[in-house]
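Working notes, structure below.
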Amino acid sequence: MNKRKDLVIISIHKTNKLYFAAAFSQKGKIVRIALPQTNLEDLVTEISNYHPKFIINNMYDEIVGIIAEIYHGNTSNFDIELLELNISNESSHETATLNTTFERDVILEVASIPHGQVKTYKEIATAVKTQGYRAVGTAIGKNPFPIVVPCHRVVRSDGKIGGFRGGKQMKIEMLINEGFKIKSDKILLEK
DNA sequence: GATTGACGCCGAG
DNA sequence: CTCGGCGTCAATC
C-alpha cells in the first residue's frame, strides 16, 4: 500500500451525517483526501493506512469543509495548487503522493473536468495519448484526491456509470448532487 | 513473463 | 439487452 513516513496533519469536517477528512503535509499541501464515512474512526483508519504518522488538528477544517460542499454538489471550484502532485520515484520527495507520471497525467486530465460535466474513460485515455483504457481506469481508481479531482465525473463510453472506490452508489449520489439524471445504471446526458 | 484491472468494441444469442 | 471474447497497456506478482 505504499506507506509514507512523513508526519501529516488530518483535519476533519462533519455535515449532517457524513464525516470528511483530508491529510496535509508539513508544507500545507493536501496529500490525501478520504471518501466520506458515517463513522469517524473508519475515516481516520483509511488515511492512516497510507500515513501511519499523523496528528489530528483543526487548522485545515475550513478547507475540508469546502471539499464537503463539492461533494454535495456546490459549484465551488477548488485551487488545484493545494494538492501535492509530486511523484515519488521522480525525486524521492518525502511528501510525494503520486507514483508515476502516467498517474499524474491522468489525474490532471480528470481535474480539468468542470462541475456538471462528465467525460468517458476513453476520452481521458485519448487526452493522455494512450489506448490503455483499462490502465486509465486503474489510475483513476487510485486517485488520492477524490471529490476535488472529480473521478466521479468519468463514466463509461456506453453511458454506464462505471466503478468507484467508495462504491458505485456513492458515485451515483455525487452525480445526482451535480444535477445529473441516472436511470438503471446509465447517465442521461441532458440532465 | 503472466496476471489483473473503476474499459472499449464487436458479434452472437 | 446481455454475454463472451479479444484488444490494449500500466502496475503488480
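Only this structure's heavy atoms are used, side chains among them; waters, hydrogens and symmetry mates stay out. Because the structure is a prediction, the values reported are computed rather than measured. Here is the naming used below: chain letters follow the sequence lines, and residue numbers restart at 1 for every chain.
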At under 4.0 Å between heavy atoms, how does the protein contact nucleotides 4-9 of chain C? Give one character per nucleotide, 5' to 3', with B, S or -. ---BSB

In whole angstroms, the gap separating P of C:dA10 from NZ of A:K129 amounts to 14 Å

Note, A:Y19 side chain near A:D42 side chain (heavy atom, < 4.5 Å): no

Using a 3.5 Å limit for the pairing distances, which stems of at least 3 consecutive Watson-Crick or G-U wobble pairs does DNA chain B take part in? B:1-5 with C:9-13, B:7-13 with C:1-7

What contact category does A:F102 fall into here, base, sugar-phosphate, or nothing, at under 4.0 angstrom with non-hydrogen atoms? sugar-phosphate

Validation row: A:T130, A:D105 side chains within 4.5 angstrom (heavy atoms): no

Is any side-chain heavy atom of A:L40 closer than 4.5 Å to one of A:K14? no

Distance in Å, A:E84 CD paired with A:D6 CG, rounded so as to fall on 0.5 Å steps: 9.5 Å

Using a 4.5 Å cut-off on heavy atoms from C-beta on, say whether the side chain of A:I124 contacts that of A:Y133. no

Side chains of A:I12 and A:V64: does their closest heavy-atom pair fall under 4.5 Å? no

A:E103 CD to B:dG5 C1', straight-line distance once rounded to whole Å: 13 Å

Starting at the 5' end of DNA chain B and moving along, which residue's nearest nucleotide shows up first, A:K122 or A:G166? A:G166

Quick one: does A:P146's side chain get under 4.5 Å of A:Y71's, heavy atoms only? no

Do any of residues 144-160 of chain A sit with a heavy atom less than 4.0 Å from DNA chain B, and if so which? A:C151, A:R156, A:S157

Quick one: which of A:I161, A:V154, A:L175, A:I113 gives a side chain to side chain contact (heavy atoms under 4.5 Å, CB included) with A:V118? A:L175

For the pair made of CG in A:L98 and P in C:dA11, what is the distance, rounded to whole Å? 12 Å

Classify the angle between the aromatic ring planes of A:Y60 and A:F24 as parallel (below 30°), tilted (30 to 60°) or perpendicular (above 60°). parallel

Can you measure A:I124 atom CD1 to B:dG5 atom P for me and round it to whole angstrom units? 22 Å

Round to the nearest Å and state the distance from A:I140 atom CD1 to B:dG5 atom P. 17 Å

Could you tell me whether the side chain of A:I63 reaches within less than 4.5 Å of the side chain of A:I30, counting heavy atoms only? yes

Sugar-phosphate, base or nothing in reach of A:K142, heavy atoms under 4.0 Å: sugar-phosphate

In whole angstrom, what separates A:I107's CD1 from B:dA6's P? 14 Å

Within the structure provided, determine whether A:R153 and A:Q117 are in side-chain contact (heavy-atom separation under 4.5 Å). no

